[in-house]
Amino acid sequence: MTQLAGATIVITGGTGSFGRTMARHLLTEGVARIHIFSRDEAKQDEMRQQFSDTRLRFFLGDVRDRHSVDSAMTGADYAFHAAALKQVPSCEFFPDQAVKTNVLGSQNVIESAHEHELRSVVCLSTDKAVYPVNAMGMSKALMEKTAQAFARNHPESRTTVSITRYGNVMYSRGSVIPLFVRLIEQGKPLTVTEPTMTRFLMSLDESVDLVKHAFFHAEPGDLFVKKAPACTVATLATAVAELMGVEPDLRKIGMRHGEKMWETLLSREEKIKATDQGDYFRVPLDARSLDYSKYVEDGEDGTVTAEDYDSDNTERLDVEQTKALVAALPEMQAVLEARR
Ligand SMILES: O=c1ccn([C@@H]2O[C@H](COP(=O)(O)OP(=O)(O)O[C@H]3O[C@H](CO)[C@H](O)[C@H](O)[C@H]3O)[C@@H](O)[C@H]2O)c(=O)[nH]1
């Protein structure tokens, strides 16, 4: 039985917004130690001072460097693997860097966890890994395959490797909501790429809940997604403007490189295999072997009629509902407070 109390947990990419939020949750669950593994010494120092908790240990390293990963895994029970290159544009320009961090780095994390006999590793992926059109999504799709192949090829391992996928985290660094807020504060029109484009909406706390759900419920190779509502970018821009008490002034700028009109959390092939767990979908590992003749005789039924689970066919929020979600974000509350 997996339990957090008394455990030692590694968080790769531990100084990022996910890592910091997860660390806060874990500290309230009575963990013995948290190994924060990341590349940036300045962010580590900042986090060390902010948290000021002796249960945090900081490990400087890079997932590309297996030796540095090993040092963080030593003595640990569980790992949350959040280290990644996640910016779409930078991965477009440097896809080799995305492969090194997101694919080979993830393999290092999984293999090191296995060799150090951790009980569980949850790998964080993204909706952009489904039918990927950009290098960030493609490298995350390969990370998922790496995790699933490990589970398939190592049934004897003590380490349960699982995957979570989630969509846009509202108010994350560099994302569109803080941009809209800035534009409104500067009295500028809101730059909307394509008004009808849809995105899933999720809070940082919900992403932590999803990862914890995977942690407690995963069988080797499982993939979990959290059901989430979505809205169009025009709705989002209007909601932010109305919350800030200004007349929405939207300017259409056109789609950016590597963007899709909607994002997909589960392909129809995955959806047909998924079990509905209330707030979550669980997709079990496809454990079929490399036995091709069996493949042909024993194919999947039902795939043809199934639908993807995407930001176009999930629950669609209107302006009022979107305002309620955005208004609940602590960052937005601080902005609204400052304008009062
Ligand atoms: O000026 C802008 C900028 C964005 N958008 C739109 O707003 C939506 C959300 O855009 P974000 O930039 O917030 O999010 P993305 O879906 O493009 O991707 C974001 O989330 C990803 C994780 O899934 C990566 O972290 C990525 O680098 C990050 O930009 C998109 O439909 C986008 O077209 C606008 O309308 N106007």
Side-chain angles (χ1 to χ4, degrees), residues 13 16-19 21 81-95 97-98 101-102 123-141 143-144 163-186 188-204 206-208 210-211 225-226 228-241 248-266 310-312 314 316-317 319 322 325-326 329 331-332:
S17 12
F18 171 85
T21 311
H81 174 40
L85 291 178
K86 62 167 200 127
Q87 301 278 329
V88 171
S90 53
C91 293
E92 278 318 81
F93 281 94
F94 303 102
Q97 300 296 316
T101 295
N102 296 350
C123 300
L124 276 59
S125 188
T126 155
D127 50 9
K128 292 183 169 53
V130 186
Y131 309 127
V133 297
N134 53 54
M136 193 278 280
M138 289 172 187
S139 62
K140 281 290 195 173
M143 175 196 78
E144 295 183 0
I163 302 155
T164 60
R165 242 183 226 157
Y166 53 86
N168 293 44
V169 173
M170 293 181 285
Y171 232 108
S172 57
R173 227 179 327 162
S175 69
V176 74
I177 299 180
L179 172 71
F180 286 161
V181 167
R182 217 168 35 247
L183 290 172
I184 289 169
E185 283 173 339
Q186 295 166 352
K188 294 184 179 156
L190 300 183
T191 51
V192 167
T193 50
E194 166 54 51
T196 58
M197 197 186 280
T198 55
R199 289 293 181 268
F200 286 105
L201 297 173
M202 200 170 180
S203 70
L204 198 51
E206 285 172 318
S207 70
V208 167
L210 167 64
V211 173
V225 310
K226 182 170 186 314
C231 73
T232 66
V233 285
T235 299
L236 186 61
T238 307
V240 174
D249 175 12
L250 314 188
R251 177 164 309 162
K252 187 171 159 179
I253 55 171
M255 282 170 73
R256 302 174 298 182
H257 292 285
E259 276 196 316
K260 290 193 213 170
M261 280 300 288
W262 63 84
E263 299 289 356
T264 306
L265 272 174
L266 288 181
D310 61 41
S311 58
D312 253 15
T314 188
R316 177 71 60 84
L317 303 183
V319 172
T322 307
L325 268 196
V326 175
L329 303 170
E331 299 90 340
M332 195 66 199

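Note: hydrogens, waters and symmetry copies are ignored here, and every other heavy atom, side chains too, is used. Predicted, not measured: the structure shown is a model, and the values here were computed from it. Counting convention: from 1, in listed order, for ligands and their atoms alike.
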Proximal atoms of ligand 1 relative to [X] (non-hydrogen, under 4.0 Å):
X: Val192; answer: 35 (O)
X: Thr126; answer: 23 (O)
X: Ser175; answer: 13 (O)
X: Arg256; answer: 3 (C), 4 (C), 10 (O), 11 (P), 12 (O), 17 (O), 32 (C)

Report yes or no: do [X] and [Y] form a side-chain donor-acceptor pair below 3.5 Å?
X: Glu92; Y: Ser90; result: no
X: Thr238; Y: Thr235; result: no
X: Thr264; Y: Asp310; result: no
X: Glu263; Y: Ser311; result: no

Considering non-hydrogen atoms of the protein only, which is the closest contact for [atom], and what is the distance?
atom: atom 20 (O) of ligand 1; answer: Lys128 NZ, 4.0 Å
atom: atom 35 (O) of ligand 1; answer: Thr193 N, 2.9 Å
atom: atom 25 (O) of ligand 1; answer: Lys86 O, 3.1 Å

When you compare ligand 1 with [X], is there at least one nitrogen or oxygen pair between them that comes in under 3.5 angstrom?
X: Glu194; result: no
X: Asn168; result: yes
X: Glu259; result: yes
X: Met197; result: no

Protein heavy atoms: any of them under 4.0 Å from atom 2 (C) of ligand 1?
yes
Protein heavy atoms near atom 14 (O) of ligand 1, is at least one of them under 4.0 angstrom away?
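Protein heavy atoms within 4.0 Å of atom 14 (O) of ligand 1 - there is at least one.
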Mode of Leu179 contact toward ligand 1 - side chain, backbone, both, neither (heavy atoms, under 4.0 Å):
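Contact part for Leu179 vs ligand 1: side chain (C-beta onward).
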Val176, portion touching ligand 1 at heavy-atom distance under 4.0 Å:
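The part of Val176 near ligand 1 is both the backbone and the side chain.
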Would you mind reporting whether [Y] and [X] have side-chain heavy atoms less than 4.5 Å apart?
X: Ile177; Y: Val240; value: yes
X: Arg199; Y: Cys231; value: no
X: Met170; Y: Met202; value: no
X: Leu85; Y: Gln97; value: yes
X: Phe200; Y: Pro229; value: no
X: Thr314; Y: Leu265; value: no

Of the listed options (Thr198, Val233, Thr191), which comes nearest to atom 34 (C) of ligand 1 when hydrogens are ignored and any heavy atom counts?
Thr191
